[in-house]
A.B. asks: 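Please read through the structure below; I'll follow up with questions.
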Amino acid sequence: MRHTVYPFCRHVKQKFDYQWAQVRPVAPISRLCLTRSVRPEPTSSSYAAASAVSGAGELLQLLRDERPRTRAELAKLTGLARSTVGARVDALLASGLLAPSGEAASTGGRPPVRFAFNPEARVVVGADIGATHGRVALTDLSGRPLSEIGENLDITDGPEVVLDWVVATTRRLLQHAGRDASELIGIGIGVPGPVEHSSGRPMRPPIMPGWDGYDVPGHVRRDFDVPVLVDNDVNIMALGEHAMAHPDVEHLLFVKVATGIGAGIISGGRLHRGAVGAAGDLGHVAAPHAAEVLCSCGNVGCLEAVASGPAISKALAEIQVSAESNADIVDLVRSGNIQAALAVRQAGRTIGEVLATCVSLLNPSVIVIGGTLSQAGESLIAGVREVVYGRSLPLATGALQIVPATTGMQAGVIGAATMVIQHALTADRVDRAIARSVAQSAS
Ligand SMILES: [Zn+2]
């Protein structure tokens, strides 16, 4: 198998300059365990100490924007007593999640120290498993990739082979970064099929033979005793794009256009999965005015059957233009082939017809178009815009942006890591971890 190891040098919004050779272990940290979900039972002697820092997790939420603040600024922001803020800051400092970050201007006397969230305190693994390719990235607690390994693989080899590769790759990434497995707070995995998110088991995935109902977290946890969260690839791409490019947007629709078509819905700032995790399955919505083309699901006229990569290839073949893969279509459009550009634009219009309905239902403020075909210049997105702005009511489209994805091939790994970070760094979980740590050191 061929593999590439490549460092990330720059990110969309936040600049960072980790080089592969420069990825370094941070200073030793206390053994704060963010990975257990069982509520601790502090001893009576440790109870008072633990309850004194209860609320530290809430304070951390405020600091996760990475802006440095002094104790006095935090007291003003939260309305809490300085002594309470002081105890919480101390607890977070001891955990390593907070670190000193320079000094504020002095108002006489010693200048006060500023503190900021320390994303290097722990590491996360995000894995994006496609039909023929897998990527695994080691990220910090902001979801920024420190390093990544991508390799060709075949999802039809089954869960044992593919998940053993994820485990082995995680070990390699930790080793290269000089990080210990105890610093890992969790592993997020995206797969190309429907998943019951609560159990992490794929549910009747059409292109993943052998994976139906498989205990993905159980397999990975044999080697790493940390939370393992699983979701479908479009949901994790939506999370990645939202976290990195649109963190302040509350209502966002991410649409992947590739061999299949699907959507990830961010509603009220959170991923909306629906009752059984099937929300966003746009590919099998009937496209208005579509020809009665047979779809892989057995229906006719599905959006995926008339506007996906294979559908565009088929339309081009009928006019003697050869494009066997999605990459061929992108290359043709980029090289100025008019027929290919027109076919992609028409696919964009067809997708736009379905999205116009979504806009009326969900009222997003941003629609992000991602997936391989979004790389075909402006053609696809121009078709989508043409119909959505033409069809939807002005109130819903007044402030609506329809933009291309910016995280590209990284969206999946960043999103998988983001899913874990959102799970592990909730105020409640941070409080419990700190209470456990205090109880342990008191006993
Ligand atoms: Zn279908």
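In this chain, numbering begins with 1 at the start of the sequence shown. All values below come from the heavy atoms of this structure, side chains included, with hydrogens, waters and symmetry mates left out. Because the structure is predicted, anything quoted here is derived from the model rather than measured.
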A.B. asks: For the residue pair Ile129 and Leu153, establish whether any side-chain heavy-atom pair is separated by less than 4.5 Å.
C.D. replies: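 Heavy-atom side-chain distance check passes, below 4.5 Å.
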
A.B. asks: Which pairs, with at least one residue in residues 315-337 and sequence neighbours excluded, count as a side-chain hydrogen bond (donor to acceptor under 3.5 Å, both in side chains)?
C.D. replies: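 Every side-chain hydrogen bond (donor to acceptor under 3.5 Å, both in side chains) pair that includes a residue of residues 315-337, provided the two are not neighbours, is Thr259-Asn326, Ser325-Asp328.
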
A.B. asks: In terms of side-chain geometry, is the basic nitrogen of Arg88 or Glu58 positioned less than 4.0 Å from the acidic oxygen of its partner?
C.D. replies: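 No, this pair does not count.
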
A.B. asks: Who pairs with Ala286 by side-chain contact (heavy atoms from CB on, under 4.5 Å), at least two apart in sequence or on another chain?
C.D. replies: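 Here no residue qualifies.
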
A.B. asks: Look only at the side chain of Glu353 and the backbone of Thr350, and say whether a donor-acceptor pair between them is shorter than 3.5 Å.
C.D. replies: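 Absent.
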
A.B. asks: Under the side-chain contact (heavy atoms from CB on, under 4.5 Å) test, which residues partner Asp157, sequence neighbours left out?
C.D. replies: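 Asp157: side-chain contact (heavy atoms from CB on, under 4.5 Å) contacts with Asp154, Val161.
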
A.B. asks: Take atom CD in Gln175; do more than 12 heavy atoms of anything else shown fall under 6.0 Å from it?
C.D. replies: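 Counting other residues, nucleotides and ligands, CD of Gln175 stays at 12 neighbours or fewer.
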
A.B. asks: Mind checking what makes side-chain contact (heavy atoms from CB on, under 4.5 Å) contact with Val366, not counting sequence neighbours?
C.D. replies: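 So Val366 forms a side-chain contact (heavy atoms from CB on, under 4.5 Å) with His246, Val249, Leu252, Val368, Gln401, Val403.
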
A.B. asks: Would you please name every residue forming a salt bridge (charged side-chain N to carboxylate O under 4.0 Å, His left out) with Asp164, sequence neighbours left out?
C.D. replies: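 Counting only residues at least two positions away or on another chain, Asp164 forms no salt bridge (charged side-chain N to carboxylate O under 4.0 Å, His left out).
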
A.B. asks: List in chain and number order the residues that pass side-chain contact (heavy atoms from CB on, under 4.5 Å) with Pro205, two or more places apart in sequence or in another chain; answer none if no residue qualifies.
C.D. replies: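 Pro205 satisfies side-chain contact (heavy atoms from CB on, under 4.5 Å) with Pro194, Pro202, Met208, Trp211, Asp212 once adjacent residues are dropped.
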
A.B. asks: Would Glu66 and Ser142 satisfy side-chain hydrogen bond (donor to acceptor under 3.5 Å, both in side chains), going step by step from the backbone distance to the final call?
C.D. replies: CA-CA 9 Å; Glu66 298 183 40; Ser142 295; 2.5 Å; yes

A.B. asks: Let me know which of Val125, Val420, Ile187 forms a side chain to side chain contact (heavy atoms under 4.5 Å, CB included) with Val226.
C.D. replies: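 That would be Ile187.
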
